[in-house]
Amino acid sequence: MTTTIRQATINDLDNIYNIWQAEMTRALPGASPNNDHIDYFRGKLESQCDTFRTWVAEDTETRAILGWMSLSPFINNPVIRPAFAEVSTYVMNGKQGEGVGALLTDTAIKHAKQHTSLIALVGVIHSENTAAIALAKKANCTEAGSIPAFSSHQPPIPELKIFVCRI
């Protein structure tokens, strides 16, 4: 299988949403993605710019979308906002561990270094997602802390680890 990375378009919305929805319902039992969430992803795709954008990993033979990654504003403070981006990465079930996430991560880091004024990428990772944690460490990201679990929230929110990758 050969995988290519390209910038996402609005035509990728359904695939991006479906991969995200599958992973959310697997990682957060009781989560119920809805139309508000698909509107969120539509907005992300329609508002892409030089710094904040979304990529998809595509199987070059079948044209199937295997995963996606986005850089989004991490902080709303207008002075600090251009310096940090939150990284979101989702790979479809069955394709995890095949290098798709690594290709997406390499693309985002290279883009941030060459085409933006970002100084760091920030990832918030489910504490039990050992593959994502290993990928962050392989990309030279540093664990900067964690957000404790909130069992009273519906669905319950697990502990989240925060990783920072200096650009």
Side-chain angles (χ1 to χ4, degrees), residues 5-10 12-13 15-17 19-21 23-25 27-28 30-57 67-91 100-167:
I5 307 298
R6 64 171 174 78
Q7 187 171 348
T9 69
I10 196 68
D12 298 311
L13 176 62
N15 288 311
I16 288 169
Y17 178 75
I19 291 169
W20 174 82
Q21 182 182 37
E23 289 308 302
M24 279 298 95
T25 54
L28 297 174
S32 55
N34 59 50
N35 286 341
D36 289 342
H37 298 127
I38 200 163
D39 290 342
Y40 167 78
F41 290 110
R42 180 178 292 109
K44 283 178 76 71
L45 290 171
E46 292 174 344
S47 66
Q48 293 185 83
C49 64
D50 289 340
T51 301
F52 304 115
R53 59 175 53 181
T54 301
W55 296 271
V56 292
W68 62 272
M69 173 179 264
S70 67
L71 297 182
S72 304
F74 179 69
I75 297 173
N76 284 323
N77 180 314
V79 174
I80 300 171
R81 180 181 172 155
F84 297 93
E86 179 181 2
V87 178
S88 296
T89 309
Y90 293 88
V91 176
V100 174
L103 283 172
L104 288 162
T105 300
D106 291 347
T107 298
I109 291 171
K110 186 180 293 181
H111 172 78
K113 286 180 178 179
Q114 296 175 357
H115 303 288
T116 75
S117 61
L118 293 169
I119 61 171
L121 304 180
V122 180
V124 180
I125 303 173
H126 187 301
S127 63
E128 295 176 12
N129 190 341
T130 56
I133 291 169
L135 180 60
K137 289 178 178 178
K138 185 178 177 184
N140 294 317
C141 300
T142 305
E143 186 172 342
S146 65
I147 300 170
F150 288 89
S151 58
S152 61
H153 185 272
Q154 289 305 314
I157 306 284
E159 178 187 12
L160 301 170
K161 295 191 176 283
I162 301 168
F163 282 84
V164 176
C165 182
R166 293 179 185 268
I167 298 301

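Residues: numbered from 1 along the sequence shown. As the structure is a computational prediction, the values presented were derived from the model and not from experiment.
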Peer 1: Taking all non-hydrogen atoms of both residues into account, name the closest pair between His111 and Thr51 and its distance.
Peer 2: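 Residues His111 and Thr51, closest heavy atoms: NE2-O, 4.0 Å.
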Peer 1: About how many Å separate CZ of Arg166 and NZ of Lys113, when rounded to the nearest 0.5 Å?
Peer 2: 13.0 Å
Peer 1: What heavy-atom pair brings Ala57 and Leu104 nearest, and what distance separates the two atoms?
Peer 2: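 The answer is N-CD2, 4.0 Å.
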Peer 1: Under the side chain to side chain contact (heavy atoms under 4.5 Å, CB included) rule, what do Val87 and Leu71 come out as? Steps first, then yes or no, please.
Peer 2: CA-CA 5 Å; Val87 178; Leu71 297 182; 3.7 Å; yes
Peer 1: Looking at every non-hydrogen atom in both residues, tell me the closest pair between Leu45 and Ile16 and how far apart they are.
Peer 2: CD2-CD1, 3.9 Å
Peer 1: Asp12 vs Arg6, test: side chain to side chain contact (heavy atoms under 4.5 Å, CB included). Steps then yes/no.
Peer 2: CA-CA 11 Å; Asp12 298 311; Arg6 64 171 174 78; 2.8 Å; yes
Peer 1: What distance separates Ile80 CD1 from Ile75 CD1, expressed to the nearest 0.5 Å?
Peer 2: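 CD1 of Ile75 is found 5.0 Å from CD1 of Ile80.
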Peer 1: What distance do Ile162 atom CD1 and Glu86 atom CD have between them, rounded to the nearest 0.5 Å?
Peer 2: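 CD of Glu86 is found 10.0 Å from CD1 of Ile162.
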Peer 1: Which heavy atom in Ala112 sits nearest to a heavy atom in Leu121, and how many Å separate them?
Peer 2: CB-CD2, 4.2 Å
Peer 1: Name the orientation class of the two ring planes belonging to Phe74 and Phe84 (parallel below 30°, tilted from 30 to 60°, perpendicular beyond 60°).
Peer 2: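 Aromatic pair Phe74/Phe84 classed tilted.
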Peer 1: If you take all heavy atoms of Ile133 and Ser127, which pair is closest and at what distance?
Peer 2: CD1-O, 3.6 Å
Peer 1: Quick one: are Phe52 and Arg81 in side-chain contact, heavy atoms under 4.5 Å?
Peer 2: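 Touching, per the 4.5 Å side-chain cut-off.
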Peer 1: Go through the steps for Thr107 and Met69 under the test side chain to side chain contact (heavy atoms under 4.5 Å, CB included), then give the verdict.
Peer 2: CA-CA 9 Å; Thr107 298; Met69 173 179 264; over 6 Å; no
Peer 1: Taking the side chain as everything from C-beta on, heavy atoms only, tell me whether Ser70 gets closer than 4.5 Å to Lys44.
Peer 2: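 Yes, their side chains come closer than 4.5 Å.
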Peer 1: Above 12 or not: heavy atoms from other molecules or residues under 6.0 Å from CD of Glu143?
Peer 2: yes
Peer 1: CG/Leu160 to CG/Asn129 distance, rounded to the nearest 0.5 angstrom?
Peer 2: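 Leu160 CG to Asn129 CG: 10.5 Å, rounded to 0.5 Å.
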Peer 1: Is Gln48 reaching over with its side chain to a backbone N or O of Thr54, donor-acceptor style, under 3.5 angstrom?
Peer 2: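 Yes; at least one donor-acceptor contact below 3.5 Å.
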Peer 1: Which atom pair, heavy atoms only, marks the closest approach of Cys141 to Cys165?
Peer 2: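 In terms of heavy atoms, the two residues are closest at SG-CB, 2.9 Å.
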Peer 1: Give the ring-plane orientation class for His37 versus Trp20, where under 30° counts as parallel, over 60° as perpendicular and anything between as tilted.
Peer 2: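 Because their plane-to-plane angle lies in the 30° to 60° range, the rings of His37 and Trp20 count as tilted.
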Peer 1: Rounded to the nearest 0.5 Å, what separation is found between the CD atom of Glu159 and the NE2 atom of His126?
Peer 2: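 So the gap between those two atoms works out to 9.5 Å.
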Peer 1: Got a sec: does the CG of Asn77 have more than 12 other heavy atoms crowding it under 6.0 Å?
Peer 2: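 Yes - once you tally the heavy atoms of other residues, nucleotides and ligands closer than 6.0 Å, there are more than 12.
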Peer 1: As an exercise, state the distance from CG of Leu13 to CH2 of Trp68, rounded to the nearest 0.5 Å.
Peer 2: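 Spacing of CG (Leu13) from CH2 (Trp68) equals 10.5 Å.
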